[in-house]
> 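Input: one structure, supplied below.
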Amino acid sequence: MTKCDLLIKHAELITCTDNGQVCGLISNGAVAVSDNKIIWTGSSASCKNFDALSTVDAQGQVVTPALIDCHTHLIFGGNRANEFAMRLAGANYEDIARAGGGILSTVKATREASIETLVEAALPRAEHLMSQGVRTVEIKSGYGLDLDNELKMLKAAKLLAEHTGLKVSTTLLAAHALPPEYKDNRAGYIDLICKEIIPQAAKLKLADAVDAFCEGIGFTVDETRQVFEAAARWGLPVKLHADQLSNLSGAGLVAEFGGLSADHIEYTDEASIKKMAQADTVATLLPYAFYALQETQKPPIDLFRKHGIDMAIATDCNPGTAPTTNLLQCLHMACTQFGLTVEEAILGVTKHAAKALNLDEARGQIAKGFDAQLLLWPIKDVADMVYWQGNKLPQVITD
Ligand code: DI6
Ligand code: FE
């Protein structure tokens, strides 16, 4: 007999591994856990050798790994509901940004907020994600835009992790927008990012990765390249808000730096996708932002498939273009708007989301050696997870 802490039996086990079945399914499956790690998976018929301290009978219901939201701006000050009204009256996202609203209005509110206020405001957002089974979340800075306030945001993200028990992966997004004090000195701000903000964030171990907004209303390819070169000097991996509103070949650029993920990517072309394939860069799809901006250009899903690119799905939770923490709805939208299959959607918030965060050896799959964070869903068919948009919530079996 092998001892274990917990044995789950009779599960529709969605392992998200490459076992040849859809979503790595083991029907009537079992999983054994010890010391918060998965030590075995197999069929319920073959688990008789375990002597478990406790047992859960899943009664044929779906068991999955905990979910991962791999692209969020969960920490921010203020609110931008007024812009929603402006957009309804005909203004678009770029008009609002150029008129000093948009990201910069959140920057003002975030700079004015204390770290405690930022954490308190983010708490219900984090809790809502957790209610959907999320246990790993990426959080970006990008509304501070100076040394102290960017670091304040990253520290707030770490505090949020302590308060909630979530694993938080932090991303420095100082190159999100040009701060007002550098309005006429773009090069000066890029210098500040490369020579002060990245080095400090790295030295203080506050950032797991570096991101930028490479766009007409954000930063140019050349500026983004400088930011990525600085990240590389400090040993930080990169990812990018790429080709969201236009094609600047941002996805190709981030792949040139061996980037973890290219995100948004509605306008990405095949030349960039070939570079992503070479670098094994994940395509992170953000269907809620696509919907909220009433974008019509869809990401080139068939080309991602053709080149074997792994696709992740995330909320992009932010006060401007994605006021949502409903990750399960984003799964549904990735299918209905972008044409993903149920399997692609599920892998997009488990295995592939873990890969986008460089956590794919510990999270996002039910397999030997992985963290034992397991969810029991009140459903028997995994398609219901995608179909019900957050209406059927999981129970956390083990954290
Ligand atoms: N793209 C986005 O969708 C968010 N940031 C970005 O670069 C929007 C951020 C905001 O509007 O506050
Ligand atoms: Fe974003």
Side-chain angles (χ1 to χ4, degrees), residues 68-77 103 106-107 110-111 113 115 118-119 122 126 136-164 166-179 189-214 218-219 223-242 250 253-254 257-263 281-282 284 312 314 316-318 353-360 362-363:
I68 299 168
D69 190 353
C70 68
H71 177 140
T72 86
H73 308 249
L74 215 63
I75 303 273
F76 58 83
I103 293 175
T106 301
V107 171
T110 303
R111 286 178 170 182
I115 189 163
L118 291 177
V119 175
T136 307
V137 62
E138 185 253 20
I139 301 180
K140 300 174 194 295
S141 65
Y143 294 119
L145 309 186
D146 61 28
L147 177 64
D148 288 349
N149 284 298
E150 284 294 300
L151 298 186
K152 178 177 79 179
M153 287 190 73
L154 296 173
K155 287 177 192 161
K158 297 223 176 249
L159 277 177
L160 189 67
E162 279 175 28
H163 281 304
T164 57
L166 277 168
K167 180 170 184 68
V168 172
S169 178
T170 51
T171 300
L172 178 68
L173 177 59
H176 194 192
L178 199 61
Y189 186 55
I190 295 295
D191 240 35
L192 179 76
I193 295 173
C194 296
K195 295 194 178 136
E196 285 191 49
I197 304 181
I198 290 176
Q200 280 302 325
K203 277 185 209 157
L204 296 171
K205 298 201 184 317
L206 286 173
D208 296 309
V210 170
D211 191 354
F213 185 30
C214 183
F219 293 90
E223 289 162 343
T224 304
R225 189 183 287 281
Q226 293 177 52
V227 171
F228 283 179
E229 282 167 353
R233 282 196 292 279
W234 287 91
L236 290 171
V238 295
K239 55 181 80 172
L240 189 64
H241 283 74
L253 175 70
V254 71
F257 283 82
L260 293 171
S261 66
D263 302 36
T281 299
V282 173
T284 297
D316 194 15
C317 175
N318 76 70
K355 182 170 163 185
L357 299 181
N358 217 358
L359 294 171
D360 49 333
R363 301 216 159 189

> Could you work out, with side-chain contact (heavy atoms from CB on, under 4.5 Å) as the rule, every residue matching Ala113, not counting sequence neighbours?
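Counting only residues at least two positions away or on another chain, Ala113 forms a side-chain contact (heavy atoms from CB on, under 4.5 Å) with Thr117, Leu118.
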> How long is the gap from CG on Leu172 to CD on Gln200, to the nearest 0.5 Å?
11.5 Å
> With Ala231, which residues qualify under side-chain contact (heavy atoms from CB on, under 4.5 Å), at least two apart?
Val210, Leu236, Val238
> Do you know which two heavy atoms are closest between Leu154 and Ala207, and how far apart they sit?
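Taking Leu154 first and Ala207 second, the nearest heavy atoms are CD1-CB, 4.3 Å.
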> Under the rule for side chain to side chain donor-acceptor pair (under 3.5 Å), what residues qualify as partners of Glu223, not counting sequence neighbours?
Arg186, Thr220
> Table please: side-chain donor-acceptor pairs of residues 137-145 below 3.5 Å, with sequence neighbours left out.
unit_1, atom_1, unit_2, atom_2, d
Glu138, OE1, Thr72, N, 3.0
Glu138, OE2, Lys140, NZ, 2.8
Glu138, OE2, Thr171, OG1, 2.7
Glu138, OE2, Lys239, NZ, 3.2
Lys140, NZ, Asp211, OD2, 2.8
Ser141, OG, Glu150, OE1, 2.4
Ser141, OG, Leu173, N, 2.9

> Do the non-hydrogen side-chain atoms of Leu260 and Val282 ever get within less than 4.5 Å of each other?
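Not touching, per the 4.5 Å side-chain cut-off.
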> Hey, are the side chains of Leu204 and Leu151 touching, using non-hydrogen atoms and a 4.5 Å cut-off?
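Yes, at least one pair of side-chain atoms sits under 4.5 Å.
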> Holding to side chain to side chain donor-acceptor pair (under 3.5 Å), I want the full list of residues that pass it with Asp146, two or more places apart in sequence or in another chain.
Asn149
> Is it the case that atom NZ in Lys167 sees more than 12 heavy atoms from other parts of the structure closer than 6.0 Å?
no
> Which one of Leu192, Val227, Asp148 satisfies the side chain to side chain contact (heavy atoms under 4.5 Å, CB included) criterion with Ile197?
Leu192
> Please list all pairs passing the side-chain hydrogen bond (donor to acceptor under 3.5 Å, both in side chains) test where one or both residues lie in residues 229-238, with sequence neighbours left out.
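Found none.
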> Which heavy atom of Ala122 sits nearest to which heavy atom of Ile75, and what is that distance?
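Taking every non-hydrogen atom into account, CB-CD1, 3.9 Å.
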> For Asp263, give me all partners under side chain to side chain donor-acceptor pair (under 3.5 Å), at least two apart in sequence or on another chain.
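Expected list: His71, Ser261.
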> Where the side chain of Thr281 meets the backbone of Ala262, is there a donor-acceptor pair that is under 3.5 Å apart?
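Not a single qualifying donor-acceptor pair exists.
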> Just jot down the side chain to side chain donor-acceptor pair (under 3.5 Å) partners of Lys155, sequence neighbours excluded, or say none.
none
> Can a donor-acceptor pair be found, under 3.5 Å and without considering hydrogens, that links the side chain of Lys152 to the backbone of Thr110?
yes
> Could you measure the distance from the CG atom of Leu74 to the CE atom of Met153? Nearest 0.5 Å is fine.
9.5 Å
> Check whether Asp69 reaches the backbone of Ala314 with its side chain - one donor and one acceptor, N or O, closer than 3.5 Å.
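Checked: no pair found.
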> Got a sec, which residues hit ring pair (Phe, Tyr, Trp, His ring centres under 6.0 Å) with Phe76, two or more places apart in sequence or on another chain?
none
> From Leu159 CG over to Ile115 CD1, what is the distance, rounded to the nearest 0.5 angstrom?
5.0 Å
> Do you know the tightest heavy-atom contact between Ala312 and Cys70?
CB-SG, 3.8 Å
> Can you pull out every salt bridge (charged side-chain N to carboxylate O under 4.0 Å, His left out) where at least one residue sits in residues 191-203? Sequence neighbours excluded, please.
Asp191-Lys195
> Which value, rounded to the nearest 0.5 Å, describes the distance between Leu357 atom CG and Ser169 atom OG?
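With rounding to 0.5 Å, CG (Leu357) is 4.5 Å from OG (Ser169).
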> How are the rings of His176 and Phe213 set relative to one another: parallel (under 30°), tilted (30 to 60°) or perpendicular (over 60°)?
perpendicular
